[in-house]
Protein chains: 2
Amino acid sequence: MARSSVVVPTPTLERLSTYLRYLLELERAGVETIRSAEIEEPTGISAAQFRKDLSYFGEFGKPGSGYYVSELRARIATILKLDRDQLVLLVGAGNLGAALAAFPGWAQYHLHIAAVFDNNIAKIGRRLWDWEILDIERLAEVNEKLGAEIGIIAVPAEAAQSVADRLVAAGVRGLLNFAPAGIRPAPGVAVRNVSLVQEMAVLTYHLGERSCNRLPDEEPAEDETEAE
Amino acid sequence: MARSSVVVPTPTLERLSTYLRYLLELERAGVETIRSAEIEEPTGISAAQFRKDLSYFGEFGKPGSGYYVSELRARIATILKLDRDQLVLLVGAGNLGAALAAFPGWAQYHLHIAAVFDNNIAKIGRRLWDWEILDIERLAEVNEKLGAEIGIIAVPAEAAQSVADRLVAAGVRGLLNFAPAGIRPAPGVAVRNVSLVQEMAVLTYHLGERSCNRLPDEEPAEDETEAE
DNA sequence: TAGATTGTTAATCGATTAACAATC
DNA sequence: TAGATTGTTAATCGATTAACAATC
């Protein structure tokens, strides 16, 4: 009964893709149904959270028996618009761009790198895997044909904002930014930043902490062999 | 007066690296002091949030005048343990591993890829940039010398958990996982997952939404040329 | 000192968890 | 029907924002 009009929290959207991945796995394994309690162990997300997340979008299960794996997978894919082909423009044909272009995981989710751009004259016209590296200047022109709505920014920090602006000008409405630089988001354009250093910083911060399960002055618990 | 003993929220840690990056930029530009209000525009983080974040770690500024850029930068780096050299083990010498190894941004934050491992016999013994690709079987042995505490997982999904286990067994306490697979975290080991598909899913979900700043039936605002 | 900006406390907001009535 | 599990509401928890006394 919830449906749309209430805005969906971003953490919910993030978890939706975790559910989707797990459901694809189950489907491949031939599992037909699951109960919400069964997603806890493999995904690390609580059953209550799972049901709450789904409740933003409608009803998906049968009280008493659970969810049909294929049906749920299909419906989550639809919610995330990953049930239809999505074209992606990749800007930056360096090492990271090359890795992203070659990433074998896209196709399963209907994501397709439609074109690769760079501003380096030494690279333009050469090939990156199966793509011809196109002049960044041709971005808008090329996307007039393609109509891609998603762009990946895999360029040095200095170039990130200008690339973002060009992508938006070319009609892109979602940006995935790998450059270590903040992107001023144009209104109505979604931005996701992936910051390698940020991820590392959270890890290094936690270094040297003692394992939280056993306090330094505590004796080992007796029931050590129990659970897991 | 807050200091430690209160647990620091992860969003705060994530923002800390944003502050650090911006402060490094200011430092390079020769800026000596900033006020909290000045970080809003470039970082997109509110001044109140900035001060609140810092308050978890002590006092950093001078009421009335603001913060010394160099001092604040140094202290944030220390908090994140990015003021000292941090060795990192990279597992997976594929395209993504190659890009991560070559990433020019690590050094500035004292992060160093110390060794590269793979399980592919065709790759072992060959070079990846300046590194020799080592047999994954040698992980523990090699890290006995190195003592690295951070590991990057850049392998296919099927191998992710086993690589994680090996890294932990070799003494690693922080994992940065790029494999599209959930890692069951060992107790006391921090895990950060970077999921390309998840990032994309959040973007594709938002496709087709109308720009939130202007409702469909509203006229353009009069003061259009103002601000920015 | 007067003006400005911090560090911190209190108020608000939002997300997660727990509990349970609805229902298969 | 009885048992089980959903979808949803209410309670809890945590993070963000606002406001202001402390202080340079």
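A, B, ... follow the sequence lines: proteins, then strands. Residue 1 opens every chain.
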Closest approach to the side chain of B/Pro9, judged atom by atom: which nucleotide of C/dG7, C/dT6, D/dA15 is it?
D/dA15
Among all residues two or more places apart in sequence or in another chain, which pass the side chain to side chain contact (heavy atoms under 4.5 Å, CB included) test with A/Ala169?
none
Just to be sure I understand: a Watson-Crick pair is purine N1 to pyrimidine N3 plus N6-O4 or O6-N4, both under 3.5 Å. Using that and G-U wobbles, which stems of three or more pairs involve DNA chain D?
C:3-24 with D:3-24
Calculate the interatomic distance between A/Leu54 atom CG and D/dT5 atom P; express it in whole Å.
16 Å
Can you check each nucleotide of nucleotides 17-24 of chain D against protein heavy atoms at under 4.0 Å and return B for base, S for sugar-phosphate only, - for none, in 5' to 3' order?
SBB---BB
With sequence neighbours left out, the residues meeting ring pair (Phe, Tyr, Trp, His ring centres under 6.0 Å) with A/Tyr109 are none
Return the set of residues passing side chain to side chain donor-acceptor pair (under 3.5 Å) with A/Glu25 (not counting sequence neighbours), or none when no residue passes.
none
Residue pairs passing the side-chain hydrogen bond (donor to acceptor under 3.5 Å, both in side chains) test with at least one member in residues 152-161 of chain B, sequence neighbours excluded, are B/Gln161-B/Asp165
Going by side chain to side chain donor-acceptor pair (under 3.5 Å), name the residues that satisfy it together with B/Thr78, two or more places apart in sequence or in a different chain.
B/Asp83
Between CD of B/Glu38 and C1' of C/dA4 the distance, given in whole Å, is 12 Å
Applying ring pair (Phe, Tyr, Trp, His ring centres under 6.0 Å), can you list everything that pairs with A/Tyr67, at least two apart in sequence or on another chain?
A/Phe50
For a quick check under 3.5 Å, do A/Thr204 and B/Gln86 share a side-chain donor-acceptor pair by atom type?
no
What residues form a salt bridge (Lys or Arg N to Asp or Glu O under 4.0 Å) with A/Arg51, not counting sequence neighbours?
none
